[in-house]
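Take a look at the structure below.
The structure presented is a predicted model; accordingly, all values stated were derived computationally and were not measured. Here is how names work: the chains are called A, B, and so on, in the same order as the sequence lines, proteins then strands, and each is numbered from 1. These numbers come from the heavy atoms of this one structure, side chains and all, not from hydrogens, waters or symmetry mates.
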Protein chains: 2
Amino acid sequence: MIRVLIADDEGMIRSALAALLRLEPDIDVVAECADGEQAVAAALRLEPDVCLLDLEMPGLDGVEVAERVTRAVATRCIVITRHARPGVLRRALASGVSGFLPKSRGADEVAAVIRRIAAGERYIDSEVAADALRDERCPLTDRELDILRAGRRGETTGQIARTLSLAPGTVRNHVSAILAKLAVSTRQQAVLTAEEAGWI
Amino acid sequence: MIRVLIADDEGMIRSALAALLRLEPDIDVVAECADGEQAVAAALRLEPDVCLLDLEMPGLDGVEVAERVTRAVATRCIVITRHARPGVLRRALASGVSGFLPKSRGADEVAAVIRRIAAGERYIDSEVAADALRDERCPLTDRELDILRAGRRGETTGQIARTLSLAPGTVRNHVSAILAKLAVSTRQQAVLTAEEAGWI
DNA sequence: CTATGGACGTGACAAAAGTCACGGATCGGT
DNA sequence: ACCGATCCGTGACTTTTGTCACGTCCATAG
């Protein structure tokens, strides 16, 4: 019997997957969690064989949950995501994730992947893997990512400078470097492309 | 037997809902569609009793699909959405939608709602309805919404002006009015709050 | 040791974005 | 017809953003 934990903030998909997996004779859904903190707590307590983790969750995201769980107990993690971006896959593999599945796949594949992961295999969805191969490493420095993250909500240079304790001119300079590297012309476009690529 | 069409661009939730609904003895899933155009075509051809439509889809969104379908055939529509915003509900009801359900609800409720809709009732999720009551009508004019939509991707004033055939000054003036009405200080923040409220 | 290169920080300058006051068009109400 | 209200469009004016040239610090290689 494979003991499975499911974590997804979207109630409908969480309950649907749980209901379908319960129909499988060899799979036992031992926990359903609506956010990352709950998932970590439940995983450490129940030590399931496999964790099925949504990437986009409030608080801790799926990769962060996987990192904490695999470090503490002998549980293997599958990350499920809506938008499968190369950067995210890299981050996931570095954090001890054993499986990676986009939500574009059918629900019927989930049980099959769970069985393979439980058997000790790794499973990376072929489409995501293909994307990741045409390597798009993030060209931005740590500081530039700080700037981009700080200004994600459309804040002004002054506000960003204050939160990072910098001179406004410095922020503008970093932004300028970011725009050049990403080949765009406004900071809003920079935020969009960086989010698209999974860099922030 | 209630004949149901399902449309959702996310394959996993689409197939999961379809599989669960097929388990119900009185429900027959006659079509699964991945985008709005497919959904309209299938609905006009098959004339299902109930359409289960995701709001967020490429091309036509769920409300647009419902509008076209209810205008042409005797089919009742349920819109499912991830983020249930007041503006969207208003728009949905004005377009002939009979049911409205957020994805935060469990999958087990879907079958029950389908039965009620098929029986001629309307069903609006209580939580969404409560949000809609504290009326937040969009304060922006049509033209201002055009501007906001055009500039959603961080384009410059010049680009927006060109796509809308306006002088750059006019665009700036509209933007200024938008910022005042939404009580924000950059157009990026304006886009975020308008999207948040479901106005664009 | 030094020099070469990268990341970070800063201030002066040009080009945008945002503000303001104004004119014209349209639509109801009187 | 008149008035008021509202929306659209425009150009002058100020503030913010983006660009550039420069200096510092730190690591690594010669």
Side-chain angles (χ1 to χ4, degrees), chain A residues 87 90-91 94 135-200, chain B residues 87 90-91 94 135-200:
Chain A
R90 230 184 302 280
R91 198 160 69 87
D135 191 286
E136 294 188 23
R137 175 159 270 98
C138 176
L140 305 177
T141 70
D142 293 344
R143 203 61 173 149
E144 286 162 354
L145 287 172
D146 286 344
I147 304 277
L148 213 49
R149 268 187 284 262
R152 206 178 335 196
R153 299 285 167 220
E155 290 145 21
T156 68
T157 301
Q159 291 170 309
I160 300 171
R162 231 167 294 129
T163 58
L164 296 181
S165 304
L166 287 176
T170 308
V171 175
R172 280 200 296 277
N173 193 21
H174 281 301
V175 170
S176 191
I178 293 168
L179 298 182
K181 286 180 181 176
L182 301 187
V184 295
S185 55
T186 69
R187 53 183 75 183
Q188 186 174 357
Q189 290 175 335
V191 169
L192 287 171
T193 56
E195 283 181 340
E196 187 68 24
W199 292 331
I200 52 177
Chain B
R90 229 183 301 279
R91 199 160 69 87
D135 190 287
E136 293 188 24
R137 176 158 269 101
C138 176
L140 304 178
T141 70
D142 293 343
R143 203 63 173 147
E144 286 163 355
L145 287 172
D146 286 343
I147 303 278
L148 213 48
R149 269 188 283 263
R152 207 178 334 195
R153 299 284 167 222
E155 290 145 19
T156 67
T157 301
Q159 291 169 309
I160 300 171
R162 232 166 293 130
T163 57
L164 297 180
S165 303
L166 287 176
T170 308
V171 174
R172 279 201 297 275
N173 193 20
H174 280 301
V175 170
S176 190
I178 292 167
L179 298 182
K181 285 180 181 175
L182 301 187
V184 296
S185 56
T186 70
R187 53 182 73 185
Q188 187 174 358
Q189 289 175 336
V191 168
L192 287 170
T193 57
E195 282 181 340
E196 186 69 23
W199 294 330
I200 52 177

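- For the pair K181(A) and P168(A), nearest-nucleotide mapping onto DNA chain C gives the more 5' position to K181(A).
- Without hydrogens or angle criteria, Q188(B) side chain to R152(A) main chain gives a donor-acceptor distance under 3.5 Å.
- Atom-to-atom, CG of L164(B) to C1' of dG9(D) comes out at 13 Å; the value is rounded to the nearest Å.
- Distance D142(B) CG to dC27(C) C1': 15 Å, rounded to the nearest Å.
- Rounded to a whole Å, the CG atom of L166(A) is 17 Å from the P atom of dA7(C).
- A straight line from CD1 of I147(A) to P of dT17(D) spans 13 Å, rounded to a whole angstrom.
- Checking side-chain atoms of S176(B) against main-chain N and O of R172(B) turns up no donor-acceptor pair under 3.5 Å.
- Between I160(B) atom CD1 and dC8(D) atom C1' the separation is 17 Å, expressed in whole Å.
- Proximity of I178(A) to L148(A): side-chain heavy atoms (C-beta onward) are separated by under 4.5 Å at one or more points.
- Contact check for V175(B) versus T157(B): no side-chain heavy atoms found under the 4.5 Å cut-off.
- Regarding H174(B), its NE2 atom lies at a distance of 13 Å from the C1' atom of dT6(D), rounded to whole Å.
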Quiz item: Which parts of nucleotides 12-21 of chain C does protein reach within less than 4.0 Å, heavy atoms only, written one letter per nucleotide 5' to 3' as B for base, S for sugar-phosphate only and - for none?
Solution: ----SBBBBB
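- Screening I160(A), N173(A), V171(A) against L166(A) for a side chain to side chain contact (heavy atoms under 4.5 Å, CB included) leaves a single residue, V171(A).
- The separation between L140(B) atom CG and dT6(D) atom C1' is 15 Å, rounded to whole Å.
- Side-chain atoms of E195(A) never come within 3.5 Å of backbone atoms of L192(A) as a donor-acceptor pair (strictly under, hydrogens ignored).
- Counting non-hydrogen atoms under 4.0 angstrom, T141(A) reaches the backbone sugars and phosphates but no base.
- Between R143(A) and dG9(C) there is a side-chain N or O to OP1 or OP2 distance below 4.0 Å.
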